[in-house]
Amino acid sequence: MSESKDFLRVKVEEDLKAGKYRAITTRFPPEPNGFPHIGHAKSIGINFGIARDYHGKCNLRMDDTNPTTEDMRYVEALKDAVTWLGFSWAGEVRFASDYFPKIYDYAVQLVKMGKAYVDSLNEEEIREYRGSVTEPGRRSVYANRSIEENLDLLERMRKGEFKDGEHVLRAKIDMSAANMKMRDPLLYRIRHAHHFRTGDEWCIYPMYDFAHCLSDYIEGVTHSICTLEFENNRDIYDWVLDALDLTPPRPYQHEFARLGMNYTVMSKRKLLELVNGNYVNGWDDPRLPTIAGYKRRGYTPEAINNFCEQIGIAKANSTVDVAQLEFCIRDDLNPKVPRVMCVLDPLKVVIENYEGEEEIDASYYPHDVPKEGSRMLPFSREIYIERDDFSENPVEGYYRLTPHQPVRLKHAYILTCKEILKDKNGNIVEIKAVYHPDSKSGTDMSGIKTKSAIHWVSAKHAKKAEVRLYERLYKVDAPENVEDLNPDSLHVIQNAFIEPAVVTEKPDVRFQFERQGYFYADPIDYTDEKPVFNKIVGLKDSWAKKSETAKSAPKTESKKAHVEGNVAPMSEEEKTRFEAYTKSGLNSEIANTLARDEELSRFYEATLLHVKSPTSIANIVANDVARELKREVALPFGAKEVAELVVMMDEGVISSKIAKQVFETMAQTGENPTQIVETQGLKQISDPALLKPLIEDVMAKNPDNVAKYKAGNTNLFGFFVGQVLKNSGGKANPTVVNTLVSEALK
RNA sequence: UGGGGUAUAGCCAAGCGGUAAGGCAACUGGUUUUGGUCCAGUCAUUUCAGGGGUUCGAAUCCCUUUACCCCAUCCA
């Protein structure tokens, strides 16, 4: 695990340490209405990963509360994905639909408590009554129904006495809530639809907001982790669980930013469009970011999991570079898979001075991969090399075969070009070459230096193979619709030539095709008669990059100009205060902060009554008191205490640093500041004679930093002061320490 | 526009008043029978979205401005 923990793990540790839960339970709660993609992999990694790290449990629960969109087929895909990624859920797969009876009972209870009602407005009216983000909504007249009537109606809804949309059950919360989600959210709706698990047992179905929190509670989930778009729903989550007065402990919801990747779409809707519109070949098309797609392409679960770990968990909306994913799969495959040779774009080479044939023992792994295994490579007079590996008029820096530059055939001999054969159009169709008999790999006595070694196959022995090359599905980095699709995302090479051992020996299903990339024997279409390979990812290619960057012009970068907005004007009252404050010597920023906030100005003026020290008071009120006021609890101290603190500071009994510390204690415990200073012995130390030994000590313990500082890293000054202050328990007078340290460092 | 979030390098991301972690990408150089891997190194100090303030000291605390995301489905 990495050294820094993400905020979710921090929270889990806190809760465990505080004894909020004895053990933790998480859950992965997809709706079975689409195939899972790499964004789900991130969520799976988080939920199952946290459960694993803290010895808890993680459930797999299908959030199947909408019978019209869900299907068993997706349940299977979801189970496959979790299993393939290497995780196992606790017990059986759960279904929200299993809890329908319990959830219904909770609904009845809410009605009995007078906290929910049956509304009979139609869909349009409900929307209208909800108001808008700027305007409060108004409550339906049906909200006044008696508990008995509500109970009766709800029961009849369940029995199927009403048509779809005739009634809904709503929570009675607040139609003017600033959070739109809290304007009497719907709890149940009538749907005479067949559910893929409960069949026709129910004709009312709970809404997400009602079912999800209760499902979590029923399962004993402790940490309900979801994505950012549910932040607004957290209020309902809490409301429902609190309103029902449940036996603790109850779960709490925490949100993280979902995964975005460039050149990729991740929404279910867009993915569905690609599949249904036949822009790709099914849910497992290797170009898709679905788990099934990656699996079919040849990605390993290790690579996906590493990726999810590397990108981290945070709350900022972000778009990860696909290069990061590609790194992960290369990194995983490099030390694992055998190297073999496959020619994708063949160019025939006839070796005029070679007769007969031979077999070369060639290791499957390069020197830096500590694995055993080799195969026999047939070599003969006619071979294929990659068309790219020959150049009649090479550009500067070209290392491969040219009319004047010999090249090493990997594992075999050195080759020199003798003649180029072309067709009528001037295309090269064949190379005539000679080999150097004494240059055989391992026993090279030729003394010829080559710049590179290229891959090849014996024409007579090679097997024909289909190779599917994939490029990014989209041509733009932030694709929006099908117009952004890359028309060249799929290249099928029907006539690639691969060395025979790959088919006859099958040392693995994933290979590195030497110098090209990683490939996977397609699990569905591959046969020995017609081998099919999918390109997983290319090797890094610094040669291609070099030749390309030479062409493309450097991008011009521009920093966005920052727009300054207007500050809201002050009211008359505020203006009067502001002027009085500046007149009394406060700087305009502090005066402004105080003047604009009624509570702050009141506190400031009250403190001023105790001591005539406007600047010190203003500073502490505008900064520290303001912070405490932001919290929703009442202040445990008053103007008198702050005044005491100010006096101690003004008189130099304590430094401003200690004052902050004292203030914090005051805010937490409500203790008297003088007492805090007394009991904790916080009086500041200003005597240089007492401070000097501390400074010398720090210097002696950090000779490296002293050297760095003297070499010019003046930032380290703060480090020394900080260390001294820390060692003095915060009591050293920072001003004195500063002068002493700067003297000592001369 | 009301509410809820977020802002640190080209892309992710740590950091919680005292030396701006790490990964990807990029760029040097070395090793190499893969232009791969590996190794060594470079890559935020007019610097943490902008402006002000508090402090001996601010990415971090306070005020303020800006930009982006989410919320007005009987979807989840």
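Residue numbering restarts at 1 for every chain, and letters A, B, ... go by the order of the sequence lines.
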Problem set entry | Rounded P spacing from B/C11 to B/A44 in Å | 15 Å

Exercise. Taking O4'-C1'-N9-C4 for purines and O4'-C1'-N1-C2 for pyrimidines, is B/U73 syn (within 90° of 0) or anti?
Worked result: syn

Exercise. Nearest-Å distance, CG (A/Asn592) to P (B/U65)?
Worked result: 10 Å

For this session: Begin from the C-alpha positions of A/Phe511 and A/Phe519 and carry the test ring pair (Phe, Tyr, Trp, His ring centres under 6.0 Å) through to its verdict.
Result: CA-CA 5 Å; A/Phe511 303 90; A/Phe519 291 80; 9.3 Å; no

Problem set entry | Counter-base of B/C38, judged by Watson-Crick or G-U geometry with both distances under 3.5 Å | B/G30

Problem set entry | Proximal nucleotide (of B/A25, B/G50, B/G2) relative to the A/Glu564 side chain | B/G50

Exercise. How long is the line joining NE2 of A/His254 and P of B/G5, in whole Å?
Worked result: 14 Å

Problem set entry | Most 5' of A/Asn738 and A/Asn587 on RNA chain B, judged by nearest nucleotide | A/Asn587

Problem set entry | Under-4.0 Å side-chain N/O to phosphate OP1/OP2 contact, A/Arg191 with B/C75 | yes

Problem set entry | Euclidean distance, atom CZ of residue A/Phe307 to atom C1' of B/A25 [Å, nearest integer] | 14 Å

Problem set entry | Presence of A/Arg130 side-chain N/O under 4.0 Å of B/C74 phosphate oxygens OP1/OP2 | yes

For this session: Would you mind reading off the distance between A/Leu325 atom CG and B/A25 atom C1', rounded to a whole angstrom?
Result: 14 Å

Exercise. Between B/C75, B/A7, B/C74, which nucleotide has the shortest distance from any of its atoms to the side chain of A/Arg127?
Worked result: B/C74

Exercise. Taking atom C1' in both B/C24 and B/C74, what distance in whole Å separates the two?
Worked result: 45 Å

For this session: Look at the side chain of A/Val567 and decide which nucleotide, out of B/C12, B/U65, B/U55, has an atom nearest to it.
Result: B/U65

For this session: Using only side-chain N and O atoms of A/Lys630, determine if any of them is under 4.0 Å from OP1 or OP2 of B/C62.
Result: yes

Exercise. What do the steps show when you test A/Asp164 against A/Arg189 for salt bridge (Lys or Arg N to Asp or Glu O under 4.0 Å), and what is the final call?
Worked result: CA-CA 8 Å; A/Asp164 284 11; A/Arg189 78 287 212 181; over 6 Å; no

Exercise. What distance, rounded to whole Å, do you find between the two C1' atoms, one in B/C70 and one in B/G17?
Worked result: 33 Å

Exercise. How far does the C1' atom of B/G30 sit from the matching atom of B/G35, given to the nearest Å?
Worked result: 15 Å

Problem set entry | Side-chain N,O (A/Ser318) to OP1/OP2 (B/A13) below 4.0 Å | yes

Exercise. Expressed in whole Å, how much space separates the C1' atoms belonging to B/C39 and B/G51?
Worked result: 46 Å

Seminar exercise, completed: Mate of B/A44 across any strand shown (Watson-Crick or G-U wobble, both atom pairs under 3.5 Å) is none

Exercise. Mind checking the C1' distance from B/A72 to B/U64? Whole angstroms is fine.
Worked result: 30 Å

Problem set entry | Below 4.0 Å: OP1/OP2 of B/A76 and any side-chain N or O of A/Thr65 | yes

Exercise. Does a sphere of radius 6.0 Å around CD in A/Glu124 hold more than 12 heavy atoms from other residues, nucleotides or ligands, not counting ones at 6.0 Å or beyond?
Worked result: no

For this session: Mind calculating the distance between CD1 (A/Ile658) and P (B/G17) to the nearest angstrom?
Result: 17 Å

Problem set entry | Mate of B/A59 where both pairing distances stay under 3.5 Å, Watson-Crick or G-U | none

Problem set entry | Phosphate OP1/OP2 of B/C16: any A/Arg627 side-chain N/O under 4.0 Å | no

Exercise. Which one, B/U19, B/G53, B/G51, comes nearest to the side chain of A/Lys708?
Worked result: B/U19

For this session: Would you mind building the protein contact string for nucleotides 31-41 of chain B? One character per nucleotide, 5' to 3', B for base within reach (heavy atoms under 4.0 Å), S for sugar-phosphate only, - for untouched.
Result: -SBBBBB----

Exercise. Between A/Tyr709 and A/Phe719, is a ring pair (Phe, Tyr, Trp, His ring centres under 6.0 Å) present by the stated rule, with each step listed?
Worked result: CA-CA 10 Å; A/Tyr709 180 88; A/Phe719 164 77; over 10 Å; no

Seminar exercise, completed: When A/Val168 and A/Gln324 are each assigned the nearest nucleotide of RNA chain B, the 5'-most assignment goes to A/Gln324

Seminar exercise, completed: Separation of B/C12 atom P from A/Asp321 atom CG, nearest Å, is 9 Å

For this session: Determine the Euclidean distance between corresponding C1' atoms of B/G22 and B/C63; express it in Å to zero decimal places.
Result: 34 Å

Problem set entry | Phosphate-side-chain proximity, A/Asn619 and B/U55, N/O vs OP1/OP2 below 4.0 Å | yes

For this session: Describe, in one word, how the ring planes of A/Phe379 and A/Tyr413 are oriented to each other, choosing from parallel (under 30°), tilted (30 to 60°) and perpendicular (over 60°).
Result: tilted

Detail all sub-3.5 Å separations between protein N/O atoms and N/O atoms belonging to nucleotides 68-70 of chain B.
| residue | atom | partner | partner atom | Å |
| --- | --- | --- | --- | --- |
| B/C69 | O2' | A/Asn317 | ND2 | 3.2 |
| B/C70 | O2 | A/Asn232 | ND2 | 3.4 |

For this session: For A/Lys451, look at atom NZ and say whether over 12 heavy atoms of other residues, nucleotides or ligands are found less than 6.0 Å away.
Result: no

Exercise. How many Å lie between CZ on A/Phe717 and P on B/G18, as a whole number?
Worked result: 16 Å

Problem set entry | Proximity to the side chain of A/Glu123 - top-ranked nucleotide from B/C75, B/U19, B/C74 | B/C74

Exercise. At under 4.0 Å between heavy atoms, what does A/Ser132 touch on the DNA or RNA strands: base, sugar-phosphate, or nothing?
Worked result: base

For this session: Using the C1' atom as the reference point in each nucleotide, state the distance between B/G2 and B/A21 in Å, no decimals.
Result: 40 Å

Exercise. A/Lys660 NZ to B/C16 P: how many Å, rounded?
Worked result: 17 Å

Exercise. Between A/Phe210 and A/Tyr237, is the gap from one ring center to the other below 6.0 Å?
Worked result: no

Problem set entry | Complement of B/A7, any strand, by Watson-Crick or G-U distances under 3.5 angstrom | B/U66

